[in-house]
Asker: 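Here it is, the structure, as structure tokens.
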Amino acid sequence: ITTDYILNVWSNGCPSVGDTVTVVVHTVPTPDPGNIVEICLGDTGQLDAFAGGDSTAFYTYQWFPTEGLNDPTLENPLASPDTATWYYVVATTNFGCSSAPDSVLLNLLPTPIAEAGPNQQICSGDTFTLPGGFFYTTTGPVTDPSQIYFSWNPATTLDDTTLATPQAFPTQSTVYYLDVRYNNCLTTDSMTMVVIPPINAALAADTNVICSGDSVQLVATGGLGAVDYTWIPANGISDPNAPEPMAAPDTSTTYQVVQLESGCSDTAEVEIEVIPSPVASYLSSIREGCPPLQVSFLDNSSDVINYIWD
């Protein structure tokens, strides 16, 4: 309301010319913070304020709290709070008139947070159950958990991408991504599955046939350079934890080497045939006498194939 005030004064009965002062009272603005805004945790919503009351005025805005706002002085700032938040806005005209605060609720919808599980390490050829799931932080839980949907990718090495805990059988190291969706709220997490390359254990001997009492060198190969070796059986092995031990078995033996690297194992085996050494043994009918002396011999030798008399 604009009002003119006129001042008249008198002196000795004589009036002055009236003086006028105009007082302009500007209208206090009325803010409208807009309707309730609902977003998923991690998303961004836009506040929608409007101020009126004085058609001749220009308005500035101040929102509080300022946390989660891209610019609290905008008419329609973007908001991404971590929790449901009441935002208050004060409108001020270019004449310096400020409104009382008005508020609007930015509500967070129930948002299950995807949890793909920790990184894992498996051996080549193994199968692993991915430990997918979800949790909540600052939002309430969903009322019907059956409406929570899972999706894993890449799908080529999974038995069912829609399960929270599918079976994975990767042939190489793979990053798996888990999407968890409830209504329009979607969150994503990932985990890395490291596949240890196969050891490809192999075992060779410089010969597979030895005489009793002889030895043979066994040579185990495979792995990436950090293999632990265990020989079975250890009997006759010079070092049961070496990659290239000497073997001196008493009888024909199948040796197996177990190779362990980064928690993965593989085996290989080789058969060593042991030929018993012959034992020369003869009994004579007489040991001494005068010529002509005729002596008879009885063969008591064992494991003999050929005879050479000298």
Asker: Has N184 got more than 12 heavy atoms of other residues, nucleotides or ligands less than 6.0 Å from its CG?
Answerer: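 Not more than 12 within 6.0 Å, no.
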
Asker: For the residue pair F64 and P72, establish whether any side-chain heavy-atom pair is separated by less than 4.5 Å.
Answerer: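 No, side chains not in contact.
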
Asker: Begin with the C-alpha distance, continue with both residues' side-chain angles, and end with the deciding distance and a verdict on side-chain contact (heavy atoms from CB on, under 4.5 Å) for Y229 and V257.
Answerer: CA-CA 7 Å; Y229 300 87; V257 62; 3.9 Å; yes

Asker: I need the minimum non-hydrogen distance between V28 and S98, along with the two atoms involved.
Answerer: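 Taking V28 first and S98 second, the nearest heavy atoms are CG1-O, 3.4 Å.
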
Asker: Determine whether T138 and L108 make a side-chain contact, defined as any pair of heavy atoms from C-beta on separated by less than 4.5 Å.
Answerer: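 Side chain of T138 against side chain of L108, heavy atoms only: contact under 4.5 Å found.
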
Asker: Just checking, is any N or O donor in the side chain of T157 or Y176 under 3.5 Å from an acceptor N or O on the other one?
Answerer: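 On atom types as modelled, these side chains qualify, holding a pair under 3.5 Å.
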
Asker: At what distance, to the nearest 0.5 angstrom, does CG of L106 lie from OG1 of T83?
Answerer: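 It is 9.5 Å, given to the nearest 0.5 Å.
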
Asker: Test side-chain contact (heavy atoms from CB on, under 4.5 Å) on L260 and T230; report intermediate values, then the result.
Answerer: CA-CA 8 Å; L260 181 65; T230 301; over 6 Å; no

Asker: Between Q167 and L158, is any pair of side-chain heavy atoms under 4.5 Å apart?
Answerer: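 The answer is no; the side chains never approach within 4.5 Å.
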
Asker: To the nearest 0.5 Å, tell me how far D160 CG sits from L130 CG.
Answerer: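 Going from CG on D160 over to CG on L130, the span is 11.5 Å.
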
Asker: Decide yes or no on side-chain contact (heavy atoms from CB on, under 4.5 Å) for Q120 and F128, but give the supporting numbers first.
Answerer: CA-CA 9 Å; Q120 301 290 340; F128 184 82; 3.4 Å; yes

Asker: For G140 and P110, work out which heavy atoms get closest and say how close.
Answerer: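 Looks like O-CB, 3.3 Å.
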
Asker: Minimum heavy-atom separation for D266 to A201, with atom names?
Answerer: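 Scanning both residues, the minimum pair turns out to be OD2-N, 2.9 Å.
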
Asker: Would you find more than 12 non-hydrogen atoms of other residues, nucleotides or ligands less than 6.0 Å from F95 atom CZ?
Answerer: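 Yes, the 6.0 Å shell around CZ holds more than 12 heavy atoms from other groups.
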
Asker: Side chains of L186 and D179, heavy atoms from C-beta outward: is any pair under 4.5 Å?
Answerer: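 L186 vs D179: side chains touch.
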
Asker: Taking T187 for its side chain and P112 for its backbone only, find out whether a donor-acceptor pair lies under 3.5 Å.
Answerer: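 Yes; at least one donor-acceptor contact below 3.5 Å.
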
Asker: Classify the ring geometry between F134 and Y136 as parallel (under 30°), tilted (30 to 60°) or perpendicular (over 60°).
Answerer: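 Perpendicular, since the angle between the ring planes exceeds 60°.
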
Asker: Search all heavy atoms of I199 against all heavy atoms of C264 and return the closest pair with its distance.
Answerer: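 Closest pair (atom of I199, atom of C264, distance): CD1-O, 3.3 Å.
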
Asker: For residues S103 and P33, report the shortest heavy-atom separation together with the two atoms involved.
Answerer: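 That closest heavy-atom pairing would be O-CG, 3.1 Å.
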
Asker: On a heavy-atom basis, which atom in G117 and which in M191 lie closest, and how many Å separate them?
Answerer: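 G117 and M191 have their closest heavy atoms at O-CB, 3.4 Å.
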
Asker: Got more than 12 heavy atoms from elsewhere within 6.0 Å of CD, Q294?
Answerer: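 No, CD of Q294 has 12 or fewer neighbouring heavy atoms, counting only those of other groups under 6.0 Å.
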
Asker: Rounded to the nearest 0.5 Å, what separation is found between the CD atom of E38 and the SG atom of C185?
Answerer: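 Rounded to the nearest 0.5 Å, the CD-SG separation comes out at 9.5 Å.
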
Asker: Going by heavy atoms in the side chains, are Y149 and N183 under 4.5 Å from each other?
Answerer: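 Not in contact.
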
Asker: With side chains defined as the heavy atoms from C-beta onward, is the minimum distance between T92 and T60 less than 4.5 Å?
Answerer: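 Heavy-atom side-chain distance check passes, below 4.5 Å.
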
Asker: Would V90 and Y88 show up in the same hydrophobic cluster when neighbours are defined by side-chain heavy atoms closer than 4.5 Å?
Answerer: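 Yes: a chain of side-chain contacts under 4.5 Å links V90 to Y88.
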
Asker: Just verifying a value: how many Å separate D239 CG and E244 CD, rounded to the nearest 0.5 Å?
Answerer: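 Going from the CG atom of D239 to the CD atom of E244 covers 11.5 Å.
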
Asker: Applying the 4.5 Å side-chain criterion to the ILVMFWY set and letting contacts propagate, would V21 and V9 be lumped into a single cluster?
Answerer: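 Unlinked, V21 and V9 end up in two clusters.
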
Asker: Do other residues, nucleotides or ligands put more than 12 heavy atoms under 6.0 Å from the CG atom of N35?
Answerer: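 Counting neighbours around CG of N35, 12 or fewer heavy atoms of other residues, nucleotides or ligands fall under 6.0 Å, so no.
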
Asker: Consider only side-chain heavy atoms of I, L, V, M, F, W and Y, link residues closer than 4.5 Å, and tell whether I122 and W152 are in one cluster.
Answerer: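 Yes.
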
Asker: Between S173 and M193, is any pair of side-chain heavy atoms under 4.5 Å apart?
Answerer: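 Counting from C-beta outward, S173 and M193 never come under 4.5 Å.
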
Asker: Are any of the side-chain heavy atoms of N8 and I6 separated by less than 4.5 Å?
Answerer: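 They are in contact (side-chain heavy atoms under 4.5 Å apart), so the answer is yes.
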
Asker: Between F50 and L47, is there a shared hydrophobic cluster once you connect ILVMFWY residues whose side-chain heavy atoms come closer than 4.5 Å?
Answerer: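 In one cluster: no.
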
Asker: To the nearest 0.5 Å, how far apart are SG in C123 and CD in E261?
Answerer: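 Answer for the SG-CD pair, C123 versus E261, is 10.0 Å.
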
Asker: Just do the side-chain contact (heavy atoms from CB on, under 4.5 Å) check on T137 and T111 with the steps written out, would you?
Answerer: CA-CA 8 Å; T137 54; T111 305; over 6 Å; no

Asker: Take atom CZ of F135 as the centre, draw a 6.0 Å sphere, and report whether it contains more than 12 heavy atoms from other residues, nucleotides or ligands.
Answerer: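 Yes, the 6.0 Å shell around CZ holds more than 12 heavy atoms from other groups.
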
Asker: Taking it one step at a time, do D4 and T20 satisfy side-chain hydrogen bond (donor to acceptor under 3.5 Å, both in side chains)?
Answerer: CA-CA 6 Å; D4 292 328; T20 303; over 6 Å; no

Asker: Would you say V142 ends up clustered with V180 if hydrophobic residues are merged whenever their side chains have heavy atoms under 4.5 Å apart, either directly or through other cluster members?
Answerer: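 Hydrophobic grouping puts V180 with V142.
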
